[in-house]
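All remarks here apply to the structure that follows.
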Amino acid sequence: MTSSTSSPARLGRRSFLGASASTAAAAACATGPALAAVATASGGVPAPGERRTVGVLLPESSRYPTLSAEFLAGLAEGAAASGLPAPRWLPLPYGRSARAAVRLAQAAVQSGSVDALAGWLPADAAADLVPLLQRHAVPFLASDTGADRPSGHPASRSPWLIPHTLALWQSCAVLGREAPRRWGSRAVLCMGFLESGYDFPHEFRAAFEAAGGTVAALHVSGLPDGRAEFEGLGAALKGTSADFVVALYSGRQAGRFRAAWQRHGVEGRRPLVGNPVGFDHPLSASSPAAALQLGKDAGERLARWQAAFHGGPPAAVAHLHAAIQETTLLAAAPRQRVGSGWTNPYLVT
């Protein structure tokens, strides 16, 4: 489907792998008094060097089939890179339902079988776990793409629930803000139907238009109405006066968009910004895929958390909060969140 100006668009930026801006908000809440308030829940101090058990919530994904395997591999690599003993990883596969993930996490904490939780689940989806996490002094390092702007729910600011994302919505906002200066004020936005249901396309567009940009045309690929996947793409690319094109895709659809782009003969005629994100495999040994990279960062943090556990859970949890590595992400302008159209975490489909 192609339209002239309305609706959202989306961007994926592999370059923003690492600590997210949402992590900074969580770190700011990890104050001494807040942690001390639950210190009595720790139930004693374990012996130094004792291995702790981390329950790892793992989804299924047809869009990104290797997501869980890469995340687990990243945990192991990150712990090894820290030079510290790795925690004991307890896989907790939950399918594709965020509610199922929350129920699984609740059971694991209540049974006493885990000392911490990690895995692929947005912090907002895990907010209902906060009272339980605090009561049992079990931290949850909640990893995901960061496709939706945080809701601002008070529970999500608990020091025991740590957002750990790829900062997708922030990177979109930064790209939208910088795009008029770098590429021009008129853009064609192309995205997949899956991407159209998350906040990060809205973040790109809002920032782009606030910076003086104009969406000259919008193409949504793969609508569930029986039309060909890229019907209307050629008209959007060739029949629109625009300075550049933004492509917002994931998985194999990213590769199909690239093929369609080349088929229409527009390669080299306009800049293609935010090149399609191929989540299916690492680009190279030095540029690992998204879940692997996020898992590595989580694995290193959790190894340091375990090493500090002899001081008790409240002291150890501070090691799960990391400083911002990409300060430009903090520049995304505050505005009211646009509710996501989908209930599943991005790529869990």
Side-chain angles (χ1 to χ4, degrees), residues 1-13 15-16 145-149 167-225 227-250 253-254 256-258 260-262 264-277 328-329 331-342 346:
M1 180 195 73
T2 302
S3 63
S4 57
T5 58
S6 60
S7 289
R10 100 155 263 237
L11 158 78
R13 290 271 298 271
S15 60
F16 282 93
T145 59
D148 285 331
R149 179 186 280 264
L168 190 52
W169 75 264
Q170 295 101 318
S171 70
C172 284
V174 171
L175 185 77
R177 184 194 64 197
E178 297 296 320
R181 178 180 61 83
R182 297 183 63 181
W183 299 291
S185 61
R186 292 178 61 81
V188 174
L189 302 180
C190 304
M191 62 180 162
F193 177 63
L194 175 68
E195 284 71 28
S196 72
Y198 292 93
D199 286 353
F200 64 95
H202 301 270
E203 298 295 338
F204 172 85
R205 182 160 194 165
F208 181 60
E209 292 179 343
T214 298
V215 177
L218 172 71
H219 174 80
V220 182
S221 306
L223 291 172
D225 59 2
R227 276 183 270 183
E229 184 175 32
F230 295 105
E231 182 178 327
L233 177 62
L237 295 176
K238 296 179 179 179
T240 304
S241 175
D243 301 305
F244 66 103
V245 177
V246 180
L248 313 168
Y249 295 91
S250 60
Q253 191 177 40
R256 294 195 298 272
F257 171 83
R258 170 65 76 177
W261 166 266
Q262 293 172 339
H264 286 297
V266 291
E267 185 105 37
R269 292 171 54 183
R270 292 175 182 159
L272 180 63
V273 178
N275 288 337
V277 179
T328 58
L329 296 183
R335 68 182 186 88
Q336 186 175 2
R337 182 192 179 199
V338 177
S340 170
W342 311 136
Y346 180 48

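Note that these values count all heavy atoms, side chains included, but never hydrogens, waters or copies made by symmetry. For reference, positions follow the sequence shown, starting with 1. What you see is a predicted model, and the numbers here were worked out from it, not measured in a lab.
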## Note on the structure
Value for OG (S196) from CG (L223), rounded to nearest 0.5 Å, stands at 7.5 Å
### Summary
When every non-hydrogen atom of Q253 is compared with those of E229, the smallest separation belongs to NE2-OE2, 2.9 Å
### Message
Just so I know, are the side chains of W183 and L175 near enough to count as touching, which here means a heavy-atom distance under 4.5 Å?
### Response
yes
## Note on the structure
Note: Y249 and S221 closest approach over all heavy atoms is OH-OG, 2.7 Å
### Query
Taking C-beta and beyond as the side chain, do M191 and V220 meet within less than 4.5 Å on heavy atoms?
yes
### Task
Kindly give the heavy-atom pair with the smallest separation between A216 and T240, and that separation in Å.
CB-CG2, 3.3 Å
### Query
Is the backbone of W169 close enough, under 3.5 Å, to the side chain of R149 for a donor and an acceptor to pair up by distance?
no
### Message
Please report the interatomic distance CD(E231) to NE2(H219), rounded to the nearest 0.5 Å.
### Response
8.5 Å
### Query
Distance only, no hydrogens: is a donor on one side chain within 3.5 Å (strictly under) of an acceptor on the other, for S250 and Y346?
yes
### Message
I need the F204 CZ to D199 CG distance, nearest 0.5 Å.
### Response
15.5 Å
### Summary
Smallest heavy-atom separation, F193 atom then G222 atom, equals CB-O, 3.6 Å
### Message
Working to the nearest 0.5 angstrom, can you tell me the gap between L168 CG and Y198 OH?
### Response
11.0 Å
#### Entry: Shortest non-hydrogen separation from G176 to A211 and the atoms involved
O-CB, 4.3 Å
### Query
Side chains of E195 and F200: closer than 4.5 Å at any heavy-atom pair?
yes
### Task
Could you tell me which non-hydrogen atom of S185 sits nearest to which non-hydrogen atom of D243, and how far apart they are?
N-OD2, 3.0 Å
### Message
Check whether R270 reaches the backbone of L237 with its side chain - one donor and one acceptor, N or O, closer than 3.5 Å.
### Response
yes
### Query
For the side chain of K238 and the backbone of H264, is there at least one donor-acceptor N/O pair under 3.5 Å apart?
yes
